[in-house]
Novice: 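Let me give you the structure first, and then I'll get to my questions.
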Amino acid sequence: MVILPLPSAPEEPLSARLVVLVSGSGTTLQALLDASDDASWGARVVAVGADREDTLGEKRATDRGIPTFVLKVSDFASREDWDAALAEAVAVHEPDIIVLAGFMKLVGKHFLSRFEGKTLNTHPALSPSFPGMHGPREALDHGVKVTGCTLFVVDDGVDTGPIVAQAAVPVLDDDTEDTLHERIKTVERATLVDAVGRMAREGFTVSGRRVTIP
Ligand code: GAR
């Protein structure tokens, strides 16, 4: 169970600290950055991490003067060492919530031992269908008529954690992987911004597979 701590000083605005991890274009991160322009949203991005150099996501952060870090798996002796370093790099920024926003790596046991229960991931499919890297493509290949996005609390599986929010997106007859994914991403960003704002403002609990925002 997790309940977000409230700021200790009564005069401080209620503003949860977000660390966001990215691998690519960072449109999901951008939605969080834009939302944080309104202080009443309740959260702000305090750092952005990436698993590769020169991502547009990292640039979106540096353009705003937000601290960034890059940790490539190939720079470490083992995946486990990378995972421990990632946990350390995130911890420096004392996050209330960590958002994996198009972060194309699984976090491991070191990361989860520190941040389980407060790490969120957004996935472009309606879980438990189509976990993994190719949610939109697999939905198309399967011929589903409705797919969507899932925001969940990260556990040690692949897109298996307790579900925070989901939204449906119709599959159109002439969809390609790209057109479908782009429509999902539009809905995904709105779902993420709405849920993270409510979680930041009101706290949340995770009890078994149930996530509750009071
Ligand atoms: C999003 O659709 C996100 O759900 C997906 O990558 C996209 C990131 O876009 N993540 C996964 O598929 C992880 N399994 P962005 O780089 O423009 O934010």
Side-chain angles (χ1 to χ4, degrees), residues 18-36 43 45 47-64 66 68-73 79 83 86 97-108 111-112 115 119-142 144 146-172 175-197 199:
L18 306 181
V19 171
V20 182
L21 302 182
V22 300
S23 295
S25 64
T27 64
T28 316
L29 164 67
Q30 188 66 51
L32 296 171
L33 293 171
D34 292 347
S36 69
V45 178
V48 171
D51 66 328
R52 58 200 73 182
E53 306 277 7
D54 300 326
T55 61
L56 187 49
E58 185 191 4
K59 184 174 183 312
R60 291 176 195 271
T62 51
D63 283 351
R64 287 195 172 221
I66 293 170
T68 63
F69 54 89
V70 176
L71 292 171
K72 295 190 287 182
V73 173
R79 181 78 181 222
D83 181 59
L86 181 68
I97 298 174
I98 298 137
V99 182
L100 310 188
F103 188 60
M104 295 301 185
K105 290 281 186 303
L106 294 177
V107 296
F111 193 95
L112 287 174
F115 302 121
T119 302
L120 308 179
N121 194 0
T122 176
H123 178 62
L126 287 176
S127 297
S129 295
F130 314 123
M133 305 275 282
H134 306 293
R137 184 194 308 170
E138 289 178 14
L140 267 184
D141 289 350
H142 199 84
V144 297
V146 176
T147 184
C149 62
T150 302
L151 179 67
F152 62 96
V153 180
V154 174
D155 66 6
D156 61 1
V158 179
D159 302 325
T160 52
I163 292 169
V164 177
Q166 291 184 298
V169 174
V171 180
L172 307 181
D175 261 331
T176 64
E177 181 181 356
D178 285 347
T179 61
L180 178 59
H181 196 178
E182 282 308 314
R183 282 207 322 290
I184 292 171
K185 283 173 69 169
T186 300
V187 173
E188 195 176 15
R189 291 189 285 263
T191 303
L192 178 70
V193 165
D194 173 67
V196 169
M199 295 167 100

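The chain is numbered in sequence order, starting from 1. Indexing begins at 1, ligand by ligand and atom by atom, following the structure's order.
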Novice: With salt bridge (Lys or Arg N to Asp or Glu O under 4.0 Å) as the test, would you mind laying out the steps for D83 and R79 before giving the verdict?
Specialist: CA-CA 6 Å; D83 181 59; R79 181 78 181 222; over 6 Å; no
Novice: What are the two closest heavy atoms between A195 and L151, and how far apart are they?
Specialist: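 Taking A195 first and L151 second, the nearest heavy atoms are CB-CD2, 3.5 Å.
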Novice: Taking all atoms of both residues into account, what is the closest heavy-atom pair of Q166 and T150, and its distance?
Specialist: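 Looks like NE2-OG1, 2.9 Å.
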Novice: Is there a side-chain contact between C149 and P124 in this structure, where contact means two heavy atoms from C-beta onward sitting under 4.5 Å apart?
Specialist: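 Side-chain contact under 4.5 Å: no.
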Novice: Which atom pair, heavy atoms only, marks the closest approach of A165 to T191?
Specialist: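 It is CB-CG2, 3.8 Å.
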Novice: Do the side chains of L120 and V153 get nearer than 4.5 Å, heavy atoms only?
Specialist: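 When only atoms from C-beta onward are counted, L120 and V153 do touch, with a gap below 4.5 Å.
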Novice: Taking any residue with a non-hydrogen atom under 4.0 angstrom from an atom of ligand 1, which ones do you get?
Specialist: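 Within 4.0 Å of ligand 1, protein side: G24, S25, G26, T27, T28, G102, M104, T122, H123, P124, G132, H181, K185, E188.
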